[in-house]
Amino acid sequence: MNQLLITADRVITGPGGQTVENGAVLIDSGVIRAVGTANELESFASAKIERLRCPGATVVPGLIDCHVHLAFDAGPDPVRAVAEADPDNLLAAMAERAGQMLAAGVTTVRDLGDLDALTVTLREAVEAGKAAGPTILAATAPLTVSGGHCWFLGGEVTTDDEIRERIAHNATAGADLIKVMASGGALTPGGPRMWESQFTLEQLRLVVKEAARHGLGVAAHAHGTDAIADCVRAGVRTLEHCSWRTAEGVVYDPQITRRMVEGDVAVCRCVSGDWRLFLQQMGPERAEAMIGAIRDMRAAGVRFIAGTDAGVPGARFGDFVGMLEFFASLGFSNAEVIDMATTNAAHALGLSDTGRLAPGLRADLIAVDGDPLTDLSALRRVRHVFTSAGCRPLSQRGPRSHPEQ
Ligand SMILES: [Zn+2]
């Protein structure tokens, strides 16, 4: 028996800011057993159960970062850093980054591109309790064209057979999903431009079909308006970036957005914590066009999910809240922003056992100082992190009775 009764000023249990004031969560061996008011839970919890009282705090479902690259170092040249690292050192660095994310309250990450399926090795180490980290969903090597975006991760494909082989290879290596680079990107010198499509609609359909044959969904990196349209038609599960780029600037298409909403395709509009600098570098006109497209998608009912692209230049591990604050700055309510990082993210990633606080779900939860529904920066003040992996709390500060991990 490894039970713990956590009480706090409030517990955010589900979407839309559903809250229990003076709430409590009873966890047992990594699983949530009960959620309710402190009075209710105290009334049936045995006196022998360990208590963790968090006055002044809010308990929130563990945060989910839907777009990270644990193999990248967030430095100026992650490509070179990956190419030059030896696998053991790289794996150790990835474990350290995973630990940073966990300490920031991120209890699930989806890694969207690594080398040699090292993320699967790390995922297994976390599952076995050998490393402290979030639950990891791994895409392993993303599919790309010859010399295309992130070709150096090993996922180059040209023919239909190569597409089938790469997907089978990733599935065998333990991938939880398939990532496809549907358009060019910023990280790859000499590759296609960001708005240029890398694959045809038929090829993208083949990717989705083959992935499904292995029981896997598809996340598509798509900056270009054409690539976005093709990905939606092909039936990918999530669109990464979705920045509506063309050679002439941002061109937003409300028809495609309608299909996204109808098909329940989620958008992971990655932004790093340094978004203010990013907007500045873009210049007012481009920044406004980019922001306008996000507002239009929101008005159309698109399901947004939270992702930092941590690991690419300037996107630091452990600065998850900076990204959330970008959406708040656009007028998203705090409850909406928290949903992006919890319930919506879990839904889009196909996870039914996290993202909310309810009996039977994984005990992925955090306690933060203050109330993030009125002050988003409360999420920066993480007091405790719990994950389902053996229910090991990671204490940032404050009184602790559990062993440090
Ligand atoms: Zn990425």
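Counting convention: from 1, in listed order, for ligands and their atoms alike.
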Task: Validation row, ring centre Phe332 to ring centre Phe304 under 6.0 Å - done: yes
Task: All salt bridge (Lys or Arg N to Asp or Glu O under 4.0 Å) counterparts of Glu285, not counting sequence neighbours - done: none
Open item on the list: Within the 3.5 Å criterion, strictly below it, is a donor on Arg97 or Gln100 matched to an acceptor on the partner's side chain?
Closed with: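 No - no donor-acceptor pair under 3.5 Å links their side chains.
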Open item on the list: Would you say Arg362 and Thr107 are linked by a side-chain donor-acceptor pair, where the criterion is simply a distance under 3.5 Å?
Closed with: no
TODO: At a cut-off of 2.8 Å, list the protein N/O/S atoms near the Zn ion (ligand 1), residue plus atom name.
DONE: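 Sorted hits: His67 NE2, His69 NE2, Asp309 OD1.
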Open item on the list: Let's go through Arg286 and Gln281 carefully: what are the C-alpha distance in whole Å and the side-chain angles of both, what is the deciding distance for side-chain contact (heavy atoms from CB on, under 4.5 Å) to 0.1 Å, and is it a yes or a no?
Closed with: CA-CA 10 Å; Arg286 278 179 58 208; Gln281 287 168 345; over 6 Å; no
- [ ] Anything under 30° is parallel, anything over 60° is perpendicular, the rest tilted; go ahead and classify His69 against His67.
- [x] perpendicular
